[in-house]
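Note on naming: letters A, B, ... go to the chains in the order of the sequence lines (proteins, then strands), and numbering restarts at 1 for each one.
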Amino acid sequence: VKDILFLGLKGIRTFRYTVEKAANGPYRDRIRVVDLETFIQRGSVDIGPDAEPVLRIGSDAIDFERITACYALLMDLPRRLVREGLIRESDWHPCRARLSALILALHRTTCPVINRPLFDAGNGSKPLQTFELARLGFPVARSLTTNSPEEAMAFAEELGWHVIYKSASALPSVANRLTPDRRRDLERIRSCPIFLQEEVTGPDVRVHVVGAETFAERIDFQGGVDARYSPRESRQFHPVAPPDEVRERCVRFAAEHGLWIAGFDFKQRQASGEYVALEANPTPGYDVYDFRAGGRISESLLRLMAEGPLDRRERP
Amino acid sequence: MQRMSLTNGVILIVGERRDRAPIGLAGLLSGHTQENTSNAARASFDIANEERDWVHRFGRFCLDRGRQVVWLCRMSDAQLAVRYERDGPTLTFRGCGELEGSCFGQDAIQGVWYRGLPALSTFASEDEQTFAERETEAFWEGYGYHVRLPVLNRPRTAGLRPATWENFLVRYLVADQLGLTIPQQGVIEPRRESSGRVAGRIYQTLSTRTLLEPDCAAGAETCAWIESRRSGRIAVCAVHVGDDVVLSRQTESAAEPLSPGLLSEELARSLEAATAAVGRLLGESFGAVFWDVDPRDACFDFRDYTTNPDGRILMALRSHLFSSIWRFFMRSGGAS
């Protein structure tokens with residue numbers, strides 16, 4: 001019986017949660033855990049021409065030949081950390097090199113990796129991903145990207161100012177309403193384009209895909225356009241069963257992009273109940289949803305890792 | 001390039017090739033490393049000049065055939081809007097600054113050539129600069145990925161663009177998916193090989209992708225390595241535009257046409273077919289494959305791929321490439 005491997009930062013809540021679930025579950029005797037911070041400081045990778053990669057930390061060796069599946073939640077190690085004095089220049093190079101070597105290993109291994117690094121499903125560009133979701137048949141909101149204040153205002157006028165703005169990339173930003181009193185602020189988009197979308201009113205719905213299974217939750221809330229930033233006391237969570245076509249599209253989208261686990265964000269139109277797709281997250285922070293779902297998502301994930309079925313050669 | 005309102009047949013060139021320093025493929029091919037920084041700087045300058053010259057010449061080539069090239073080097077030179085609709089995204093372009101008066105809509109565009117991120121305004125902090133660059137990239141990724149026109153090459157996020165991954169991964173992908181042979185390669189830890197590094201290999205640091213000679217790989221960090229080109233083999237650069245392939249002999253500084261008889265016809269055809277297959281596998285409509293070719297045994301290894309062949313290569317091959325690129329843009333899908 002082969003082991004299941006967990007690779008990530010112990011400081012990241014979702015990773016810690018997943019490892020705890022594994023350590024207290026039926027496969028607890030098969031788990032191996034590698035803390036990413038320790039690895040990039042002291043680890044090494046052997047990748048030869050014809051063998052599975054081997055990870056080493058001190059005297060401990062992990063041969064992917066002996067691993068049935070790997071859950072990997074890697075983080076980047078940007079140069080910004082050197083600039084801000086959080087890591088020394090002399091340390092950054094070897095740490096970054098080990099991280100790159102680890103990424104190479106996770107691609108080179110034939111062992112299923114949940115999810116392989118670099119598989120982003122287009123999540124780095126919202127306009128790209130939104131309309132990739134539309135290609136699979138998901139309804140999406142009307143959208144505009146522009147560096148022209150005039151075009152932005154024309155779009156807002158057309159939609160009666162029921163418009164939200166957010167970043168076009170995956171860099172953190174808070175979606176917010178564009179209101180007529182902010183016309184003058186639009187001058188700032190001349191130097192950096194903006195992503196505008198029709199505001200869809202209704203609850204948020206989050207759908208997690210694990211392999212071919214789906215788990216969904218509706219979040220009713222008041223105030224703001226994004227439940228995550230609405231007043232906590234206004235939020236209400238309900239398990240929900242999305243229509244079959246929504247679940248099927250989620251599973252298909254994840255599979256087409258080489259993702260074993262993914263988190264899909266929707267708005268459910270108040271008037272029609274239609275699911276409008278917003279985003280598909282390739283590294284979902286599923287833990288809080290799992291907590292409310294009684295652990296069903298993590299059970300599915302661990303079962304998939306330990307028992308399959310997993311294709312050992314998945315590619316985007 | 002010209003100040004006019006445009007109604008038809010625009011070829012929109014976006015941005016400039018960014019990785020000008022010959023750190024990667026050209027250096028790897030010729031066995032050059034970054035030891036001599038003044039040479040590297042001079043080479044970088046030469047490449048940049050050739051790049052611009054290449055685009056200007058291509059612009060004239062198109063103009064002679066009744067098409068207008070608009071080259072957006074700076075984002076501030078245009079007010080851009082992309083609306084996403086059922087039939088694909090539509091771009092509205094209103095030039096200002098250097099491009100004042102160049103105004104056109106989606107229907108006027110024949111094709112798009114995305115060469116890299118256009119220059120942006122300077123921001124107060126590095127974080128703001130990074131944010132603006134990434135937002136602008138995402139802007140072009142959305143449009144370029146989905147627009148229903150010939151695009152050379154479609155910009156998209158790194159996860160959807162394996163050609164931009166580490167060379168090491170691209171080689172494995174090509175070997176696994178196409179069954180082509182590749183030189184031996186691997187990853188080596190510092191100080192694992194006691195007497196320096198192994199001769200006959202080229203090393204590349206993983207943090208900064210700097211190429212190192214075996215004796216200089218002093219064990220500071222984990223390196224990727226690849227077997228050097230074996231004796232008796234020659235470096236062939238195959239630039240493809242869609243499935244059109246132009247073969248050339250890779251030299252230290254650029255490329256030159258293959259001398260007659262260097263490769264048998266059958267071998268040349270195999271190389272062209274393999275190059276087109278690599279382009280299709282990676283989803284790239286334009287790029288260069290670098291092959292290690294043994295003309296005597298009529299076999300070849302895939303060494304590298306770039307979506308951005310440097311300007312010196314393009315200039316050397318322009319008589320073939322201009323017409324290939326022209327055909328690519330004139331194929332169905334663009335404005336009439």
Nearest-0.5 Å distance that lies between atom CZ in B:F139 and atom SG in A:C192: 11.0 Å
Check: A:P127 and B:Y143 side chains under 4.5 Å, non-hydrogen atoms: no
Proximity breakdown for A:E84 and chain B, heavy-atom pairs closer than 4.5 Å: side chain
Check against side chain to side chain contact (heavy atoms under 4.5 Å, CB included), A:D46 and B:I188: CA-CA 7 Å; A:D46 274 354; B:I188 189 75; 5.9 Å; no
Under 4.5 Å from any heavy atom of chain B - which part of A:A134: neither
N/O donor-acceptor pair under 3.5 Å between A:E151 side chain and B:A81 backbone: no
Largest heavy-atom contact set with chain A, pairs under 4.5 Å, which of B:E85, B:R94, B:R86: B:R94
Derivation of the side chain to side chain contact (heavy atoms under 4.5 Å, CB included) call for A:V45 and B:T222: CA-CA 8 Å; A:V45 176; B:T222 311; 5.8 Å; no
Sidechain-backbone polar pair: A:S125 side chain, B:A138 backbone, donor-acceptor under 3.5 Å: yes
Partner chain B: residue of A:T146, A:L77, A:T145, A:N123 with the largest heavy-atom pair count (under 4.5 Å): A:T145
Atom pair CZ/OG1 of A:F119 and B:T157 - distance to nearest 0.5 Å: 12.0 Å
Side chain proximity check, A:N147 to B:T136, heavy atoms < 4.5 angstrom: no
Part of A:R135 lying under 4.5 Å from any heavy atom of chain B: neither
Heavy-atom side-chain proximity of A:S167 to B:F131 below 4.5 angstrom: yes
Of A:R79, A:R98, A:R96, the residue whose pairing with B:S207 passes side-chain contact (heavy atoms from CB on, under 4.5 Å): A:R96
From B:Q204 atom CD to A:S100 atom OG, the distance as rounded to the nearest 0.5 Å: 10.5 Å
Top contributor to chain B interface from A:A97, A:P117, A:A105 [non-hydrogen pairs under 4.5 Å]: A:A97
Geometric class of the A:F131/B:H146 ring pair [parallel <30°, tilted 30-60°, perpendicular >60°]: perpendicular
Donor-acceptor pair, side chain of B:E221 and main chain of A:C95, under 3.5 angstrom: no
Salt bridge A:D120-B:R156, side-chain N to carboxylate O under 4.0 Å: no
B:F168 side chain reached by A:H107 side chain, heavy atoms, under 4.5 Å: no
Verdict with supporting geometry, B:R83 and A:R142, side chain to side chain contact (heavy atoms under 4.5 Å, CB included): CA-CA 8 Å; B:R83 285 181 182 242; A:R142 289 176 63 184; 4.3 Å; yes
Interface moiety of A:E150 toward chain B, non-hydrogen atoms closer than 4.5 Å: side chain
B:Y172 six-ring face occupied by A:R108 cation (under 6.0 Å, within 45°): yes
Winner by heavy-atom pair count (cut-off under 4.5 Å) against chain A, out of B:G142, B:A158, B:G186: B:G142
